[in-house]
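Structure first, then comments.
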Amino acid sequence: MNQTILEAENLCKFWGGLKALNELNIQFKDKQLHSIVGPNGAGKSTLLNTLCGAYPATSGVILYHGKPITHLKGYEFCREGIGRSFQKTNIFHNATCLENCCIAAQQRIGGSFNLFRKRSKNRQITEIARKALQQVGLTARADTRATEVSYGEQRQLEIAMVLATSPKVLLLDEPMAGMGHEESQTIISLLKELKQQYCIVLVEHDMDAVFELSDLMTVMVDGQHLITDTVDNIRNNPLVQDAYLGNDDEVF
Amino acid sequence: MSIFSSKSEKIFIYLFFAIGLFIPLFLEGNTFYINKFSTIIILSIFVMSLDYLVGRTGLITLGHAMFYGLGGYIFTILAPEYEAVNFWVYTFYVMLISGFIALIVGLIVLRTSGIYMIMITLALAQMTFYFFADSVEYGGLDGLFVYIKPETSIFGLSFLDLDNETHFYYLCLLSLFNCFVFFKVIMNSSFGRVIDALKENPDRAIALGYNIFHFRLIAYVLSSSLAAYAGYLFALQFGFVNPSMMSWDISATALVMALLGGLGSVFGAIIGSFMYEGLHYYIEHLTEYWMFFMGVLIIALVLTLKHGIAGFLNALGGKRS
Amino acid sequence: MQNILEVHGLQTLYGESHILHGVSFDIKSGETVSIMGRNGMGKSTTLKSILGIAPPRSGSVIYKGEDITRLPTWKRMRRDIAYVPEGRGMFHNLTVKEHLQIAARKNSRGDANWTYDQVLEVFPRLTERLTNKGTQLSGGEQQMLAIGRALLTNPDLLILDEATEGLAPLIRKEIWQVIRQIKDSGVSTIIVDKNIKVLNELCEKHILIVKGKVMFQGDSRSLDDNKAFIEQSLAV
Amino acid sequence: MDTSLFLVQLLNGVQYGLLLFLIASGLTLVFGVMGILNLAHGSMYMIGAYLAYYFTTLTDSFLLAFLISGTMALVIGIIIERFLIIHLYKRDHLDQVLLTVGLIFIFNATQSFVWGNDPLGVEVPELLSGSIKLTDIVEYPVYRLFISLLCLLVAATMYFTINKTRLGMMIRAGESDRAMVENLGVDISKLFTIVFAIGVFLASLAGIVSAPIVSLVPGMGEHVLISCFVVVVIGGLGSIKGAFVAALIVGIVDTYASVLVPQASSMSIYLLMALILLAKPQGLFKN
Amino acid sequence: ADSDPIKVGVMLPFSGVYAGLGESTRNGLKQALKEQGNSIAGRPVEFIEMDTEAKPARAPEITSSLVDNQKADFVIGPVHSGVAMGMIKTIKGKDSIMIIPNAGANAATGAFCQPNVFRTSFSSWQTAFPMGKEAYDMGYKKIVTMSWNYGFGKESLEAFNESFTKAGGEVIKEMLVPFPKTEFQSYLTEIASINPDAVFVFFAGGGAVKFVKDYDAMGLKGKIPLLGSGFLTEGTTTAQGPAAEGVITTLHYADALDIPKNQRFRQDYETLYGKPADLFAVQGYDAGQLIAQAVSATGGNTTDKAALIQQMEKLEIDSPRGAFHFSKAHNPIQTIYLRKVVDGQNTVVKVAQDHLEDPARGCKL
Ligand SMILES: Nc1ncnc2c1ncn2[C@@H]1O[C@H](COP(=O)(O)OP(=O)(O)OP(=O)(O)O)[C@@H](O)[C@H]1O
Ligand SMILES: Nc1ncnc2c1ncn2[C@@H]1O[C@H](COP(=O)(O)OP(=O)(O)OP(=O)(O)O)[C@@H](O)[C@H]1O
Ligand SMILES: [Mg+2]
Ligand SMILES: [Mg+2]
């Protein structure tokens, strides 16, 4: 059995009176793709944001390799190896795609406080960055400024940046949103490959992709854990169909 | 490999320093012009440090003159009244102490951002202003005098006589050059990469694992101590410091110069300072209502140039940074 | 039937880059039209050109028989067009309630088919979030709000750019339901979306844009006839 | 300090705070709500005061002067927005700094050219020139109380308009996303012109009504500018309520500081601002 | 050569708060030289005008421009004490003569006095010192003093304090207002609560206007007499209106001073510039007279500055304020008048102190 890498115990996140996460318990295992689905506003993004340290948890514990990391600062999560992509594209628009990935890679490699070493001199960083671009299929766009690539390509870049931080856990928030069919396919095959090495947490509304990729699925509703199970069980679970999927295919 | 980010920048810098080197030969004896150039060069250093902070780091301050003034005051207060101290040693002291102050100030002001940071820097600068303006021992609003200028020997060898305007001019020019190279080098460094990133999208930089506070703090300290260095040179040039060096309109004027030059371009700071001061000097001699024409000119420039004069030159040169 | 919108030879550029190369099509009153195409082909740009957000260099836009090519955006909107942009266009300093209040108005004929309460009925989720700021909503909630806001202007022509992006399947279905409802009420609609299957069912007319050119337009039947070509263009 | 004195000082503080609010109100609107950084705000205050002086001397009626100057201010506001500011919405905020610094220069030069450099004063209008006896020795000028009343009126109107009316929502929405407001069928550029003009009007209004209790001197605009920013920022950008509360706090703190800790009174409001921003980096009422 | 122009640099504020003072000073200066037909001993006079903007930080640079670049024989300026300090520093040891037409900082002709620096105006000390004794003689025993917290103000309060306490009075409270704050309500309330015999203040320009009006509006004027250093009512009475009536001050000049020289001067000034003369015009005028008389005395020779300075030290200037000559420290030894505002004009009540010399503390000349 794969070992649990990241887990949340009684995790809560309140926005004023709103319980975006309510006593959530969940475990993520190594070399597995674990997807989280649920209606809009269920708290999926909030969960990812809390797991990666962007929001401080209201209460509860986050365990990473068994040790609590809840108290860490936002930027320290990434250093531990928890990388995340954003639901709303969040990249450095004025930099080239390659440079975007270099920024991500440099954090890992270090030397960021070196005032005098020319940034382009660091081969290792550039290599990691190129590799990440290549993985998501953006090699051709390496030297294009990020604003100038299309929306779908920006989504790909978003993932490449996470990869460039050499994470152990990948938290992906709707990576496929806004992507065309072909791009989605690229990402799907990429994720298939990545889940051999990483622990991946995927939030996504594209059910085809989710069903195809997931080893485990969790359904969340109103900040609460509804069910965690395999794809097939979930698909046929009447509760889930009620709360999230609806009865049949996307026709009326 | 070149440190320049555009052809125009390269041409400008070569031309500027070439002319700068030889200009005293043509001004033989006219100490006023030499002095005037030194003053503007000192100002350029100050504006450059601000330009880096605002344009590169994205940290906008209206209290930068605080360090300009502190640079002067630190020296004036520290140096014994009737004894020539060593210039280099005191350069070190001034930058070290102002750097330390900047560290403390930075720890406070960098907790805020945007307009709030503008205001809190302004508040601290005004408080420092009033501290010196109300103080009895530091000369109050009338300021302090520097009675004896430092000597500049290194290991007993002395090349520069600070009482000599031309020598002082070269010291300023050299300082500006070093300052320019320094900023260009850190801009192109690994550190500069992070700075660029966190200016554009700080949230993403955090998500990538950077403690952006540390980077901002370093940038703030560097920029502030260079501003202090400029203030130190000012004090040396005129032998005089005054709280008005710290007043907010000096910060604002410097910001205007940086903007005119083209924010974030570093070499634009030189252009901005020379242009503003040049125009000011020229128009002031034409009319008592110089402010009117200065205002019209500034407005015309904002409306026609998008990224200041440096941006205009870069566009002419046809290469983007 | 009358054309509500005619688009002739739109040429649109962003700075130097030429995006639209002569886009032309027309929409009949009450018709629901899809615009398809891969990422970056110029779908959104087409919509923006129609609305004057990305003014075309040449070409014309005729709306209800009137040439509106030179009108400022707001005047076009006043002629009962509503737009849900990609990215949703939330206001960070307005509450959900205010988003709706600010938009609500009668159309130019003085009708108000959609009211504040009706919109909340369609999106009950929003009812719970009325005092939240627009940007504090979850992705999907923002999308609902954007659509609700557009409906409250009681448009004759509704333009939806990726309106179902980021919505949960159940909600997506609801949205399609709503769009059908809108369609039934006689409002013309332009939809940009990824879900070909639904579009096929819902729309009377389909427009395929490839690299800034209209490569296909026709009804659902002819869409089926050209299935191979279309799928290739969409890389399905 | 005995109680009656304490209360009179409180009245001073409140009265000063209200005046500060009036001066800052235009800035709250233009900067806080619309997001335009208008450094020439102080200059408009100055111009308002000088116009009031000019027209009171000309017409011998403060009311008439008030009306004429107010209208002129609106016109000036429209002109500035239509011909200058309008080019800068898509640009960096800092370009607005540059432009409005240019305006400061122009206004200052104009002031000095038209009205000269000697300090000038305006008489308090006859009707409001009396005093009210507060304690046996302290009297309070009626005109100051009148100003306070006016400030309250402005504050209430602004609060209501910005927060409760559709117009106010549109203005706020415009600050957040101009293009989207236009997408809703609103003539946003006209709206912004009007709001900017009102901002300028409010600045001048403050200048006009304070003309009788201040001295008109060159550069009077720059002095108030910083206080205005302090008020707007302490309150939290975009919050009318915040600006109002902040103005009162600043007024009261400044008043008590000048009697209780005179040595530090010059720093008091800056210290206050620094402390507030440290505790609440977004100001008091930023939501 | 002897027909070369005599260069007179003018360093005054022509913009900002002090611009009005700069203008008057310049007018007076020009009037004096016009009376000489704009030429002295056959040499024309050339003016080089620079705006100091009253910014001390710019002072050294502008001075250097006049002294080093333009080689001005005389530099007239400034109005503002902070600027004066910067100027003195720069002009020290240079071959130009500085004539201060206003700035009152005691140190300018005290601790920092220089052979080539003269002052035609006053020291802060001079303008306030005589009031101490006068106030006591008027029967005030307990007084509150108040001014802006800056050099000129503080020096004035000190000088007043010095003579007032010596006479036997007591300053029960000293209030310093941050410069340039003009919100006085809280201070006035406090004064009212202390209820002293009288109040002595130093304010000038716009602040003076505001203070006097507020003082009146608070109803204090009828109850607690207001005394001041003369600047309280100099060039400000029109703006102050009726509020200024009855305010008592000391100064080395008064508009209504009834001596022929003053009447002639004021008449000429009015015809030349179309507005009434003021103190600053007088001081500028005397700077002009000083130059004219000194250069005439050396027969037009301005190269030998030492000789010129010697002449200047010996001169007796026939000023509209009454004749004066210079002390060793180059500050005028002059008469100080006790004045009272009557019908919007400063009228002379009496001579407060005849031929008052500044103690020039710290000057080694
Ligand atoms: N900053 C915030 N302030 C207040 N409430 C917030 C904030 N961010 C999110 N919320 C609320 O928390 C709830 C959960 O939001 P979250 O973004 O986690 O949903 P989600 O599951 O990701 O939904 P979606 O699928 O639509 O993206 C929502 O109801 C949202 O309105
Ligand atoms: N503001 C802009 N400046 C420059 N280029 C732009 C801009 N907006 C879009 N583009 C470019 O124009 C092209 C068309 O963009 P558009 O947004 O119309 O595509 P789309 O068909 O809507 O794609 P998607 O499905 O990804 O939204 C893309 O190549 C994009 O990179
Ligand atoms: Mg989400
Ligand atoms: Mg699109």
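Predicted model only: the values in this text are computed from it and were never measured. We name chains A, B, ... by the order of the sequence lines, and we start the count at 1 in each one.
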Would B:M119 and D:M273 count as a side chain to side chain contact (heavy atoms under 4.5 Å, CB included) if you check the C-alpha gap in whole Å, the side-chain angles of each, and the deciding distance to 0.1 Å?
-> CA-CA 8 Å; B:M119 294 313 289; D:M273 170 160 80; 3.9 Å; yes

Of the listed residues (B:D134, B:T112, B:I115), which shares the most heavy-atom pairs with chain D below a 4.5 Å separation?
-> B:I115

If every non-hydrogen atom of B:M291 is compared with every non-hydrogen atom of D:A109, which pair is closest and at what distance?
-> CB-CB, 3.9 Å

Structural part of D:F107 lying under 4.5 Å from a heavy atom of chain B = neither

Distance (rounded to the nearest 0.5 Å) between D:F113 CZ and B:T287 OG1 | 9.0 Å

Distance from B:M294 atom CE to D:I106 atom CD1, nearest 0.5 Å?
-> 11.5 Å

Hey, is OH on B:Y282 packed in by over 12 heavy atoms from elsewhere, all under 6.0 Å?
-> no

Interatomic distance, CD1@B:I298 vs CZ@D:F105, rounded to 0.5 Å, equals 5.0 Å

Checking B:L297 against chain D: side chain, backbone, both or neither under 4.5 Å from a heavy atom?
-> neither

Proximity breakdown for D:L225 and chain B, heavy-atom pairs closer than 4.5 Å | side chain

Point-to-point distance, once rounded to the nearest 0.5 Å, from CG of D:L94 to CD1 of B:I60 | 4.0 Å

Is the shortest heavy-atom distance from the side chain of B:V302 to the side chain of D:L84 under 4.5 Å?
-> no

Counting only heavy atoms closer than 4.5 Å, note whether D:L271 contacts chain B via side chain, backbone, both or neither.
-> both

Of the listed D:I104, D:L103, D:L37, D:L98, the one with the largest count of heavy-atom pairs under 4.5 Å with chain B is D:L98

How long is the gap from CZ on D:F229 to CG on B:L62, to the nearest 0.5 Å?
-> 8.5 Å

B:L301 portion near chain D, given a 4.5 angstrom heavy-atom threshold | neither

Can you tell which part of B:L263 gets under 4.5 Å to a heavy atom of chain D, answering side chain, backbone, both or neither?
-> side chain

Show the numbers, then the answer: is there a side chain to side chain contact (heavy atoms under 4.5 Å, CB included) between D:I226 and B:W248?
-> CA-CA 9 Å; D:I226 293 192; B:W248 76 282; 3.3 Å; yes

Looking at D:H93, D:R91, D:H87, D:Q96, which has the largest count of heavy-atom pairs under 4.5 Å with chain B?
-> D:R91

Rounded to the nearest 0.5 Å, how far does OH of B:Y130 lie from OG of D:S268?
-> 9.5 Å

Please check if the side chain of B:Y116 supplies one atom and the backbone of D:L237 the other of a donor-acceptor pair under 3.5 Å.
-> yes

Should the heavy atoms of other residues, nucleotides or ligands under 6.0 Å from OH of D:Y270 be counted, would the total exceed 12?
-> yes

If one checks every heavy atom of D:V233 against chain B at 4.5 Å, the contacting part turns out to be both

Heavy-atom distance under 4.5 Å to chain D: side chain of B:F131, backbone, both or neither?
-> both

By a 4.5 Å heavy-atom criterion (distance strictly below it), what part of B:V54 contacts chain D: side chain, backbone, both, or neither?
-> side chain

Can you see which heavy atom on D:S112 is nearest to which on B:Y289, and at what distance?
-> OG-CE2, 3.4 Å

For D:Y89, does the OH atom have more than 12 heavy-atom neighbours from other residues, nucleotides or ligands under 6.0 Å away?
-> yes

More than 12 heavy atoms from other groups under 6.0 Å of OH on D:Y54 | no

Just do the side chain to side chain contact (heavy atoms under 4.5 Å, CB included) check on D:L278 and B:I120 with the steps written out, would you?
-> CA-CA 9 Å; D:L278 282 182; B:I120 203 166; 4.2 Å; yes

